Amino acid sequence: MYALVDCNNFFVSCERTLDPELDNKPVVVLSNNDGCVVSRSKEAKDLGIPMAAPAFKYKELFKKHDVQCFSAKFELYNFKSQRVIEISKAYVDKTDFEVYSIDELFLDLKSFKYINIYDYCVKIKDEINEQENIPVSIGIAPTKTLCKVANRIVKEFPDKFNGVYILDTSEKIEKALKWLNIGDVWGIGRRLAVKMKDNGVFKAWDLLQKPEMWVRKIMGIQGVRMVNELKGIRQLELDAPSPKKSIAVTRSFMEMLTKKEEVRERVETFGMYCSERLRKQNTCCKMVTVFVQTNRFRKDLPEYRKAMTRILPNPTNSSILIGRVVNELFEAIYKEGFHYKRAGVFVNDFVPEDQRQISLFEEDTQNQHLPVMKAMDAINKKFGKDKVRLGSMSGQNTFGRAKLSPEYEAFLKNNTLPEANFRFH
DNA sequence: TCTGGGGTCCTAGGACCC
DNA sequence: TCTGGGGTCCTAGGACCC
C-alpha cells in the first residue's frame, strides 16, 4: 500500500503556526502582488471563496466577514514543508517516499506486513501535528490515484475519519468511485471533465464502464493508466528525486511598465535567477526563452505578447552569458508603446555542468565564469539573496507585499532556512 | 485600480533519412 | 512526368498538477 500525506490548506496552516489567533477564523493567502487567492481555510471556503479568486473581486466579502488576508511567504512554507517531510519519511525505509509537491508526499508502506498501517499513519499524522502544528490528511490505498481518492474522502468527512482513511477492499473502492465526481479524479482537468460529461461519464465509476478503446481515443495513454490505477492496478511507481528539466522565472508587475529600461531590468533579473537555479543543480542550459506581455484583462488597451527562444552555441549557467542572451532576445521582442504587465525567462534543454559539448567555432567562456559565479552564490547564501548581483539588476523587488506580519519578520530573523527541495508539478 | 507562478508529460505533425 | 513505404527525431502546443 501507498500512503499520501497531504497538508490541509497548507499555506493557511503555516500562517496559523505564527499566530494561533487565526484558528477557526476565515483566512486566505494571496499570490504575488496580492493578486489572487492561493490557499483558503475551511472557514474561507465555506464563505464561497473559490480557489484562484482574484482578490480585488472579493474585497467586499473579505471585509464583511473579517477574512484575514496574507501575502505568500514562501521561505516560511518551504521551511515548514521540510519539517513535515523529515517527520514523515522517518516512518518508512530510506527511499520509500516521494516528495510530490510542497504540501504532499507519498510513502511506500510495503515493508510493514505485520503492523496495523492505519494506526501507524494515525501516529504520523499526530506527530506532525504535535511537532509542527500542521494538520494533515492521510489516504492509504494500493495505487497513487486511489490514495488521492482516499485523501479526498478524509477531507470531505472530517468527523467520520479522524484524518486517516484506508481504501483497501474492492467494495470500498466501488463505493468511493460511485461517489467521486469525474472532475475530481487526479488527472481529469477542466477540459476533460467537459468531454466526460458530454459522453455520460459523471462519476469516476462511470469511466470504468467505458471500453478501453474509447478511453484510449479520448484521453490517450494516460487515460488507460488512470483507469487501471482506479481499479487498483498499479501503473505509477514512486519517483526518485530528479533534477529539473526546465526552469522558469516569471512575474506579473504590480504596475504596468511603459519604460523600456524598467522592463529590461526585470527580465535581466529573471535571467539571473534562472542561472542561479541552474548552478544549484549543477546543470547548464542549451536554450533560453524570453517573453513579455501586456495585461490581457485590459480590453481597453492594445494587447501585445511575444516570446523568443535562442539556442546557445555552448551550454552555460553563467549569469553573465545568460544575461547577455536575455538582453539580445529582449531587444528583439520589445516594442515601444505598450503597457507591459508580465514578463519572464525560461531556460531548458539541460546538460550536466561537467558534460558540456563545446562548439568548434564559438568561443567558450563558461569555465572562466564558473568560479566567479560559484563564489557569488556562496556569498549570497551566507549573507542573503542578491547581496552580490550583476550591475544590470536594481536589487529591488518590484512586486508588492503589503501584508507581512511582525511574527513573520521574527521568523526570518530567528530561523536558518534550509534550501527548498521539492518538485513542482 | 486590482486577475499567480512553476512545473511535467503526451501527441500530432513536420523534417529528414534510406 | 509519374511517384512508395517505412522509420526516427524534433518541436510546438495542449492538458494537467499544485
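These figures come from a predicted structure and were not determined experimentally. Below, chain A is the first sequence line, B the second, and so on; all start at residue 1.
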* To do: Show your working on side-chain hydrogen bond (donor to acceptor under 3.5 Å, both in side chains) between A:Asp6 and A:Ser137 and close with a plain yes or no.
  => CA-CA 5 Å; A:Asp6 189 327; A:Ser137 304; over 6 Å; no
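Proximity note for A:Asn32 (side chain, C-beta onward) versus C:dC18, B:dG5, B:dT8: the nearest is B:dG5. Of the candidates C:dC18, B:dG7, B:dT1, C:dC18 carries the atom nearest the A:Trp186 side chain, counting heavy atoms from C-beta on. Proximity note for A:Cys36 (side chain, C-beta onward) versus C:dC18, B:dC9, B:dG4: the nearest is B:dG4. Closest to the side chain of A:Arg277, out of B:dG7, C:dC18, B:dG4, is B:dG7.
Position along DNA chain B of the nearest nucleotide to A:Val249 versus A:Met256 favours A:Met256 as the more 5'-ward residue. Nearest-nucleotide positions on DNA chain B place A:Lys59 closer to the 5' end than the other of A:Lys59 and A:Thr250.
Sorted by first then second residue, the salt bridge (Lys or Arg N to Asp or Glu O under 4.0 Å) pairs that include residues 220-233 of chain A, not counting sequence neighbours, number zero. Legend: salt bridge (Lys or Arg N to Asp or Glu O under 4.0 Å) pairs involving residues 331-356 of chain A, not counting sequence neighbours, sorted by first then second residue: A:Lys260-A:Glu331, A:Arg264-A:Glu331, A:Glu353-A:Lys374, A:Arg356-A:Asp364. Applying the salt bridge (Lys or Arg N to Asp or Glu O under 4.0 Å) definition to pairs two or more places apart or across chains, those involving residues 131-142 of chain A are A:Lys80-A:Glu132, A:Arg83-A:Glu132.
The stretch residues 304-321 of chain A has no heavy atom under 4.0 Å from DNA chain B, so no residue of it qualifies as close. Within residues 286-301 of chain A, the residues that place at least one heavy atom under 4.0 Å from DNA chain B are, in residue-number order, A:Asn295, A:Arg296, A:Phe297, A:Arg298. The stretch residues 190-215 of chain A comes close to DNA chain C through A:Arg190, A:Arg191, A:Leu192, each having a heavy atom under 4.0 Å from the strand.
The ring-ring contact (aromatic ring centres under 6.0 Å, His included) search around A:Phe11 returns A:Phe74, A:Tyr77, not counting sequence neighbours. Contacts of A:Lys178 classified as side chain to side chain contact (heavy atoms under 4.5 Å, CB included), with partners at least two apart in sequence or in another chain: A:Glu174, A:Trp205. Judged as a side chain to side chain contact (heavy atoms under 4.5 Å, CB included), and not counting sequence neighbours, the contacts of A:Ser13 are A:Asn9, A:Ile134, A:Pro135.
What separates NZ of A:Lys73 from P of B:dG5 is a distance of 18 Å, to the nearest Å. Here the P atom of nucleotide B:dC2 and the OH atom of A:Tyr58 are 18 Å apart, to the nearest Å.
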Show me the side-chain donor-acceptor pairs of residues 181-188 of chain A shorter than 3.5 Å, one per line, residues at least two apart or across chains.
residue  : atom : partner  : partner atom : Å
A:Asn181 : OD1  : A:Lys203 : NZ           : 2.8

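The shortest side-chain heavy-atom distance between A:Lys144 and A:Arg234 does not fall under the 4.5 Å cut-off.
For the side chain to side chain contact (heavy atoms under 4.5 Å, CB included) with A:Val12, the qualifying choice from A:Val29, A:Val38, A:Val28 is A:Val29, the only one to do so.
Nearest heavy atoms, A:Ser319 versus A:Met272: OG-CG, 3.6 Å.
For the P atom pair drawn from B:dC17 and C:dT3, the interatomic distance equals 22 Å after rounding to whole Å.
Note on A:Val185: only backbone sugar-phosphate atoms sit closer than 4.0 angstrom, heavy atoms only; bases stay farther off.
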Distances under 3.5 Å only, N/O to N/O: pair up the protein atoms with those of nucleotides 11-13 of chain B.
residue : atom : partner  : partner atom : Å
B:dT11  : OP1  : A:Ile221 : N            : 3.2

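Annotated stems with DNA chain B as a participant read B:5-18 with C:5-18, given as range with range, by first number; only runs of 3 or more Watson-Crick or G-U pairs under 3.5 Å qualify.
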